[in-house]
Amino acid sequence: MTSGNSLASQHSPDVADTVDADTLTYPISPEYVRSWTPVRALCELIANALDEDPAAQVAWADGVLSITDDGPGIPEEGMILGASSKTMQQIGQFGEGKKLACLVLARSPEIGAVRCETVGYRWTPSVERRRLLAGLIPSRSGEGAEVLVYHLSRNDRTRGTVFTVVCPQELAEEAIGRFRALTEPGYQPPQLPGTCVLTGEPGRVWIGGVLVSTVDGLLASYDLPLDVKGLQNRDRTVIEAGALRDAVRGILAAHEDPVIIELFAAHVLAGGSLREQELIFDAVTAARPRAAWRAWARATLPAKTYYAGRRQQEEAVLDLRDKNYTAVSASGIPALQEHALMALLGVELARARQQQHYERNRGKTTWVNEQDLTAQERGTLTDTTSLVRRAIGAFALDRVRVYSASEETPCASGFYTPTTGDVAIHRDTLADRQQTLSTLLHEAAHRVGHRGGGRWHPIHDYADRSRGFENLLSDFAGLLLGYLADGGTLPDVPEQPASPSGQAPQRRRVRLSGADDPAVPISRRDLAHLLLDRLPHALVGGGFTNAADLVASTAVDPRYWRLMTDPKTAGFRRTQGVSTAWDYDKVAVLAEAVGVHPPVMWLGTNLCEGPLYGIARRRWNEPGRRWARRIRDLVSTACTDLEALGGGYAEQVPALRALTEGRTPTPAGEDSWQAPVRALIALERQRLHLDDTETAA
């Protein structure tokens, strides 16, 4: 495109005067706007009016379309091609729409007179063919250029702009119908990511309420926010396919509306297909939308369902049919999308009821019951276990089991099982007290290295012949030498405190759960007891059969619940999978299902990780150091929710913020700094009446 503008008052005296004193010209190739229609041009004028004044009036009467706004008028800058001061909250962006609209309307045989009245002047556009600057510039064709000419004159108008266009009623109504703001009272442009529109014909795509495209085969229509107006082409008539797909998926993946979920789920479960833009099942990853999909499924689908997938599992399918299960399928969409949909709905793949393979090494250890040990063996085991716990800490040993034979790969006289936290010792070892002590201390080093406890944090290299394990054994030796130098007296093992529910502590010979393990931070233990005590009430109130059913209703990974009810030590990390219940939204969905305030539940499980998260292990618990940015932000989110709750909840906010800023010390092996979250958990117990005499009874 070639463009130019000139006013007679500004031309050089050395150039032949070819421009009238009351005109403004734009030489433009007709090919540039060949794709524009009169309706598109009318839409441009309406869009400009709505940008200037959201309350602009647009009406057709007696053959004339009037577009009236109460804006400041069109300044000189508004006449420049390509100049635009539009923000991301306005419709246009290239500074060409009004000029090109006038060109299209002036040269269209369907359109009559076009006039504009604005502040201080008026104009009428026309299209003429001229030689530029009286032929001073050479021309190959000698025919001249088609020129958009504004015929200008002054007026006394002080506010607003009025366009009048003589046009057929059908054209005017079609142009007006493309603007939701003109056809839907109270319409507001959507915010990110946009809105899904279920009324009217499906397949329409708006940007900021302006229709820009129609896509056949869509189940719904979509209004994209003005923030994404750069996704459309220069003429704002279509949206690039990939951009439209991403925008629609972003809208649907964030939706929690059961009506929209019903529309898509029912359609595909009935065998219907979807356009690529609406295949969003693998994109629904946020906690609350997933919970909404799961809630729809639990309210709509039969209680016992399965899906066979694209590879028939005949044995499993026949078995499930015999057990009155209902088959669910979505054959109209790709297999991967079907798999993602079924995960959203909580429908499991059919599996054979008989397992062909068993756990590795399962049943290959011969255990000895405690009552089968001799009195001497029981005495040796009890005394040596107590010595190790007194020397290292109550967390050093949990359940100690005795075996007589094993095909596993143990140490010389015993082994540690990371999945359970148990230590096993060979029965023959109990015949020698010193060998028993050596074995238990060795296995305690594996356990403490794996789980942490006291002054020690979990390490990844806790296996035999590893540097971390050797360093831990050295720490144990140094600790024992210190006791010897101080008089040889070992500290007593502290009594296991009663749980917040008032239950007596478990016997030492019974394997401790994470809720009672002294190696686990006290805030996590308190939270675990809160959730376990609250669970029966939540099951009754929600109509759930068990904890697994409650968790399944939220679509949150079940490991989140296990990590909060059977917690791990601070700093515990797994090489794969979930090691902390970290996502605030997922924790919030679980908290709401069980009836606990979300910030209390998130802080209860994660505050103890604050001094450790995102920091090199050598700098853990460094005094006066601010916590990492991500956990500060998450704690800040929890504090905002606590302030909204008010009362005693809000009173703990200053102490929590002091922790994140490093103003409160967080020494290793010390739980006193977790007092703010313990106070919050106590408030929850009080609010939920978990310690009332009647409830306990």
Side-chain angles (χ1 to χ4, degrees), residues 180 190-207 209 211-225 228 231-233 237-302 305-313 326-350 555:
R180 297 186 69 193
Q191 302 299 314
L192 283 171
T195 58
C196 178
V197 181
L198 301 182
T199 57
E201 290 295 323
R204 293 167 295 169
V205 180
W206 298 270
I207 293 182
L211 185 67
V212 295
S213 184
T214 301
V215 181
D216 293 333
L218 294 183
L219 278 188
S221 297
Y222 302 93
D223 194 352
L224 311 184
V228 301
L231 300 179
Q232 59 195 329
N233 68 347
T237 54
V238 295
I239 302 176
E240 189 271 325
L244 177 60
R245 178 197 60 214
D246 294 343
V248 170
R249 287 187 176 185
I251 292 173
L252 294 177
H255 251 295
E256 305 170 32
D257 188 346
V259 176
I260 294 176
I261 293 173
E262 166 82 24
L263 173 68
F264 284 89
H267 177 77
V268 296
L269 292 180
S273 61
L274 291 174
R275 292 290 299 265
E276 181 191 11
Q277 295 90 336
E278 293 179 329
L279 285 172
I280 48 86
F281 307 115
D282 59 341
V284 183
T285 57
R288 294 192 181 279
R290 290 183 66 85
W293 278 86
R294 187 63 56 86
W296 178 88
R298 292 174 66 86
T300 307
L301 299 180
T305 57
Y306 72 93
Y307 81 102
R310 304 302 162 86
R311 296 181 178 180
Q312 290 295 328
Q313 305 175 74
T326 302
V328 176
S329 67
S331 57
I333 60 178
L336 290 178
Q337 288 289 335
E338 181 187 35
H339 179 75
L341 169 66
M342 296 305 174
L344 278 178
L345 301 179
V347 179
E348 291 187 343
L349 184 68

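Just the heavy atoms: all of them, side chains too, but no hydrogens, waters or symmetry mates, feed the values below.
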Heavy atoms of P289 and A254 approach each other most closely as CG-O, 3.8 Å
How long is the straight-line distance from CD of E348 back to CE of M342, given to the nearest 0.5 Å?
12.5 Å
Find out whether L274 and I280 are in side-chain contact, i.e. whether some heavy atom of one side chain is under 4.5 Å from a heavy atom of the other.
no
Under a 4.5 Å cut-off applied to non-hydrogen side-chain atoms, are S221 and W206 in contact?
yes
Using only atom types and a distance under 3.5 Å, with no angle test, would you say the side chain of D223 pairs donor to acceptor with the backbone of T195?
no
Beyond-backbone contact of L279 with I333, side-chain heavy atoms, under 4.5 angstrom
yes
Between CG of L263 and CG of L219, what distance do you get to the nearest 0.5 Å?
5.0 Å
Any L341 side-chain heavy atom under 4.5 Å of F264 side chain:
no
Taking R204 for its side chain and S213 for its backbone only, find out whether a donor-acceptor pair lies under 3.5 Å.
no
Donor-acceptor contact present, side-chain Q337 to main-chain F281, <3.5 Å:
yes
With the side chain counted from C-beta on, respond yes when V197 and R180 share a heavy-atom pair under 4.5 Å apart, and no when they do not.
yes
Could you tell me the separation between the CG atom of L224 and the CG atom of L244, rounded to the nearest 0.5 Å?
7.0 Å
Charged N-O contact under 4.0 Å between R245 and E276:
yes
Any donor-acceptor N/O pair, E278 side chain to V248 backbone, under 3.5 Å
no
Going from CG on D257 to CG on L198, what distance comes out if it is rounded to the nearest 0.5 angstrom?
7.0 Å
Run R275 and V215 through side chain to side chain contact (heavy atoms under 4.5 Å, CB included) and show every step you take.
CA-CA 9 Å; R275 292 290 299 265; V215 181; 3.7 Å; yes
Looking only at heavy atoms, which two atoms of R288 and E256 are closest? And how far apart?
CB-OE2, 3.5 Å
Is the backbone N or O of L344 less than 3.5 Å from a side-chain atom of R290, with the two atoms forming a donor-acceptor pair by type?
no
For I261, does its backbone N or O pair with a side-chain atom of H255 as donor and acceptor, under 3.5 Å?
no
Measuring from I260:CD1 to C196:SG, what's the distance to the nearest 0.5 Å?
4.0 Å
Between Y222 and L252, is there a side-chain heavy-atom distance shorter than 4.5 Å?
yes
For A253 and A283, the nearest pair of non-hydrogen atoms, with its separation, is CB-O, 3.5 Å
Taking every non-hydrogen atom, the tightest pair across P225 and Q191
CB-C, 3.9 Å
Are Y307 and H339 packed together at the side-chain level, in the sense that at least one heavy-atom pair is separated by less than 4.5 angstrom?
yes
